[in-house]
Amino acid sequence: MSTLSRWSVAAGTGLVLALGCVAPAASAAASPAPRASSAAASAGAVSAAEPVRAVADVRLPVGWQARRESAAARTGVQSPVSAVVGRAIDPGEHDCSPTALSVYAEGLLAGLDPQELRFVADSGVLDFPTYDALLFGTDGDPAYALTASSRSELERTFRSAQRFWDVPSADVQLMAMHGSVLRDPARLARLLTVLYGLPAAEAREYSAQVVAAVESVPELAGGENPVFTLNAYAFSAQGATDPLVASLPDKIVFGDGILAFMSSIGLSDVGPRAVLAHEFAHHVQYEDDLFDSPLTGPEATRRTELMADAFATYFATHKRGAALNAKRVVQAQRSFAEVGDCSFTSPGHHGTPNQRERAAQWGADLAASQREQGHVLPSLQVAERFEAALAELVAPDAR
């Protein structure tokens, strides 16, 4: 579920979740820290004068919102839960039909009071696990290993996708992001220094405050609340000019929260593999240079996301791919549609649930309709056929 730039995420999950591409930086505009007990804290400075024991004691660093926006722009990925938190804080500012994903995320936040919600919205905690895995995770590091219950299935599907698609993919790493970074001040301080540009002392102080605050709120479960990792994304540094980003390997990153979400809606049998198929499809797009088109804005992002949906179900239901049940795969694609019907003007628009379902069904139909069931079309041929069908796929909900 996210949005794609040349070096971005695929949000997940068809969800925003990573299945998308570069999502715009969330506008958590200029909200004050939950409580400031000194003039310096009121100005946004981190105070080292007293130990922090709760959310109310967190002081946002000077220029924090600008640092957050810079981090989102540099990485091309941001938590899809930001919009859900915004609706919880101020429902009148957000008009969006609920989806299975948003309802699930709202349930994860239900026990938080307004001050705690503001902390979640403004502190950066929703993005820290994502950025930690992106910058520092490797597929050989146990700290970023896939959850044991899903590891074998996801790794098997990943290897199948590598064999199935006719693009170079041996360099793509498959790994997880976990909320454990929110319990580790040293890891968090490293992220705050490297990506956000905080001076070392300030990074250590703010990381200590954040870890203490997360620990003090029972509903956040010390970072294990799925809300912190409710995403999956594909990343490629191809074309990046930022030295930090350009040095990173290609990745597919799964959040523990996405796996929990799939289980909660009864899609644990095919959902994780459908998400992986979508994220791998973004890597096919990277390699085939399929992000460029005459379309701009929301229409351009919708095109790439619907194409990834179609590629995903083509692979997931193909006899030589994952060979999953087509009906279940299409159901999974629709169930984790990211944003419902209200984001037509958003640069991160992934397509409406109807459009995503139609694109997924198109891919499944293509896999089923081939006379030679064992034949796999070249990826560029699949893309060409999809382009020809795109107008019809988006027509029911086109704006």
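Bear in mind the structure is a predicted one, so any value in this text is a computation, not a measurement.
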- Item | Stepwise side chain to side chain contact (heavy atoms under 4.5 Å, CB included) check, Phe235 with Leu248 | CA-CA 9 Å; Phe235 172 86; Leu248 301 175; 3.6 Å; yes
- Query: For residues Asp256 and Thr229, is any side-chain donor paired with an opposing acceptor at under 3.5 Å?
  - Reply: no
- Phe136 six-ring face occupied by Arg190 cation (under 6.0 Å, within 45°): yes
- Query: Do Tyr144 and Val253 have side-chain heavy atoms sitting under 4.5 Å apart?
  - Reply: no
- Message: With a 4.0 Å cut-off on N to O distance, would you call Glu205 and Arg59 a salt bridge?
- Response: no
- Task: Indicate yes or no for a side-chain donor-acceptor contact from Lys251 to the backbone of Leu134 under 3.5 Å, with no hydrogens or angles considered.
- Result: yes
- Query: For the side chain of Lys319 and the backbone of Ala367, is there at least one donor-acceptor N/O pair under 3.5 Å apart?
  - Reply: no
- For residues Gln285 and His282, is any side-chain donor paired with an opposing acceptor at under 3.5 Å? yes
- So, Arg328 versus Gln331: side-chain donor-acceptor pair below 3.5 Å or not? yes
- Query: Could you go step by step and tell me if Tyr206 and Val58 meet the side chain to side chain contact (heavy atoms under 4.5 Å, CB included) rule?
  - Reply: CA-CA 8 Å; Tyr206 187 55; Val58 175; 3.8 Å; yes
- Is Val167 close to Ser379 at the side-chain level, that is, under 4.5 Å between some pair of heavy atoms? yes
- Ser180-Arg187 side chain donor-acceptor pair, cut-off 3.5 Å: yes
- Query: Mind checking whether Phe261 and Leu267 have side chains closer than 4.5 Å, heavy atoms only?
  - Reply: no
- Item | Validation row: Asp171, Pro249 side chains within 4.5 angstrom (heavy atoms) | no
- Assign the ring pair Phe291 / Tyr286 to parallel, tilted or perpendicular, where the plane angle (0 to 90°) is split at 30° and 60°. tilted
- Measure the CG-CG distance between Leu112 and Leu117 for me, rounded to the nearest 0.5 Å. 5.0 Å
- Are Val85 and Ile89 side-chain neighbours, meaning at least one heavy-atom pair lies under 4.5 Å? yes
- Message: Does either side chain, that of Glu357 or that of Gln361, offer a donor lying less than 3.5 Å from an acceptor on the other one?
- Response: no
- Message: The test is side chain to side chain contact (heavy atoms under 4.5 Å, CB included); show your working for Leu290 and Leu380 and say whether it passes.
- Response: CA-CA 9 Å; Leu290 292 172; Leu380 287 174; 4.2 Å; yes
- Arg118 side chain near Ser123 side chain, heavy-atom distance below 4.5 Å: no
- Task: Please say whether more than 12 non-hydrogen atoms of neighbouring residues, nucleotides or ligands are located less than 6.0 Å from CD in Glu215.
- Result: no
- Under 4.0 Å between a Lys/Arg side-chain N and an Asp/Glu carboxylate O for Arg273 and Glu153? yes
- Message: Under the criterion salt bridge (Lys or Arg N to Asp or Glu O under 4.0 Å), I'd like the reasoning laid out for Glu387 against Arg303: C-alpha separation, chi angles, the key distance, then a yes or no.
- Response: CA-CA 9 Å; Glu387 299 281 21; Arg303 168 189 166 272; 2.6 Å; yes
- Message: Just so I know, are the side chains of Phe311 and Phe280 near enough to count as touching, which here means a heavy-atom distance under 4.5 Å?
- Response: no
- Message: Parallel, tilted or perpendicular, judged at 30° and 60°: which one describes the rings of Phe315 and Phe164?
- Response: perpendicular
- Message: With side chain to side chain contact (heavy atoms under 4.5 Å, CB included) as the test, pick out the partner of Val120 among Val227, Leu126, Val217.
- Response: Leu126
- Task: For Gln173 and Asp139, indicate whether the former's side chain and the latter's backbone hold a donor-acceptor pair under 3.5 Å.
- Result: yes
- When rounded to the nearest 0.5 angstrom, what distance separates CG in Asp250 from OG in Ser236? 4.0 Å
- Task: Please answer whether the main-chain N or O of Ala66 pairs with a side-chain N or O of Ser70 as donor and acceptor at a distance below 3.5 Å.
- Result: no
- Using 30° and 60° as the class limits, which term best fits the ring planes of Trp64 and Tyr196: parallel, tilted or perpendicular? parallel
